[in-house]
Amino acid sequence: MTPEELDDLLCQYGAQLRAWPVEHQRAVTALLRASPQARERVREMRRLEAMIADDAPALEPPPGMLERVERTLMGAALKDWKPAASASARGASASVFFGSSGAAPAQPPSSAAANSDTDQIPPARGRRQVPEPHRD
């Protein structure tokens with residue numbers, strides 16, 4: 001890897017080298033071991049990223065934006081969702097597990113039959129799941 005390639009990759013992926021694509025990590029590690037100038041470039045990029053992060057204002061989304069995004073995502077997630085089966089169908093699926101007599105069957109049902117109703121469970125509502133930021 002050349003110093004110019006390092007600069008390009010630092011601009012593209014940032015100074016957190018573990019977040020870089022694997023195919024670049026070995027080459028950058030070898031360059032950093034061999035070149036004090038390369039190590040300085042990475043330190044310089046880390047300082048720059050820290051300055052930008054410290055200087056960035058705390059922004060709040062415009063009123064109603066989170067709700068609009070959530071509605072859009074929920075609508076897309078539920079677009080193909082079908083409600084659970086009726087009571088008679090649930091009784092029929094219970095007979096798969098317990099037989100018509102109510103006793104457990106001699107052999108367990110196939111995984112496809114056992115999991116057929118789990119595909120129709122909608123995502124949880126009321127809780128926002130926000131990914132944790134990556135930290136080194």
Side-chain angles (χ1 to χ4, degrees):
M1 176 177 292
T2 67
E4 292 78 22
E5 290 173 322
L6 174 66
D7 286 343
D8 289 343
L9 292 171
L10 282 169
C11 290
Q12 187 173 359
Y13 299 114
Q16 302 303 321
L17 303 179
R18 284 182 271 174
W20 286 24
V22 175
E23 62 266 15
H24 297 299
Q25 288 181 4
R26 285 188 185 169
V28 75
T29 301
L31 180 63
L32 291 173
R33 285 186 181 143
S35 171
Q37 292 85 8
R39 290 191 297 273
E40 180 56 34
R41 293 293 295 148
V42 172
R43 281 193 293 272
E44 184 180 324
M45 180 60 86
R46 286 185 179 155
R47 283 191 298 270
L48 178 63
E49 288 176 351
M51 285 175 23
I52 291 170
D54 290 343
D55 197 39
L59 298 175
E60 290 294 322
M65 178 181 235
L66 292 177
E67 290 77 15
R68 287 191 306 272
V69 169
E70 188 174 64
R71 259 194 320 272
T72 301
L73 293 174
M74 289 300 291
L78 295 175
K79 182 175 129 186
D80 296 324
W81 179 76
K82 294 176 181 52
S86 66
S88 62
R90 281 194 299 265
S93 65
S95 67
V96 169
F97 292 104
F98 300 109
S100 57
S101 66
Q107 299 207 354
S110 71
S111 62
N115 294 323
S116 63
D117 61 340
T118 60
D119 293 336
Q120 297 189 12
I121 298 173
R125 291 183 180 214
R127 237 185 287 157
R128 288 191 184 137
Q129 297 179 354
V130 180
E132 291 293 321
H134 177 74
R135 292 189 176 104
D136 280 336

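Everything numeric here is computed off the predicted structure, so don't read it as measured data.
- Transitive grouping of hydrophobic side chains (ILVMFWY, heavy atoms separated by less than 4.5 Å) keeps Met51 and Met45 in distinct clusters.
- The side-chain contact (heavy atoms from CB on, under 4.5 Å) search around Thr72 returns none, not counting sequence neighbours.
- Here the CZ-CD distance, from Arg46 to Glu49, works out to 8.5 Å after rounding to the nearest 0.5 Å.
- Shown here for Leu6 and Ala38, the closest heavy-atom pair between the two residues is CD2-CB, 3.6 Å.
- Atoms CE and NE2, on Met1 and His24 in that order, are 6.5 Å from each other to the nearest 0.5 Å.
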Indicate every side-chain donor-acceptor pair of residues 7-15 with a distance under 3.5 Å to a residue at least two apart or in another chain.
residue : atom : partner : partner atom : Å
Asp7    : OD1  : Arg41   : NE           : 2.7
Asp7    : OD1  : Arg41   : NH2          : 3.0

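- Val22 belongs to no hydrophobic cluster, as no Ile, Leu, Val, Met, Phe, Trp or Tyr side chain comes under 4.5 Å of its own.
- Within 6.0 Å of CD in Glu23 there are more than 12 heavy atoms belonging to other residues, nucleotides or ligands.
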Quiz prompt | Worked check of side-chain contact (heavy atoms from CB on, under 4.5 Å) between Glu44 and Leu48 | solution = CA-CA 6 Å; Glu44 184 180 324; Leu48 178 63; 5.8 Å; no
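- Screening residues 31-40 for side-chain hydrogen bond (donor to acceptor under 3.5 Å, both in side chains), with sequence neighbours left out, gives Ser35-Gln37, Glu40-Arg43, Glu40-Arg47.
- Hydrophobic cluster membership for Val69: Met65, Leu73 (Ile, Leu, Val, Met, Phe, Trp, Tyr linked by side-chain heavy atoms under 4.5 Å, directly or transitively).
- In plain terms, the two heavy atoms of Thr2 and Leu31 that are nearest each other are O-CD2, 4.1 Å.
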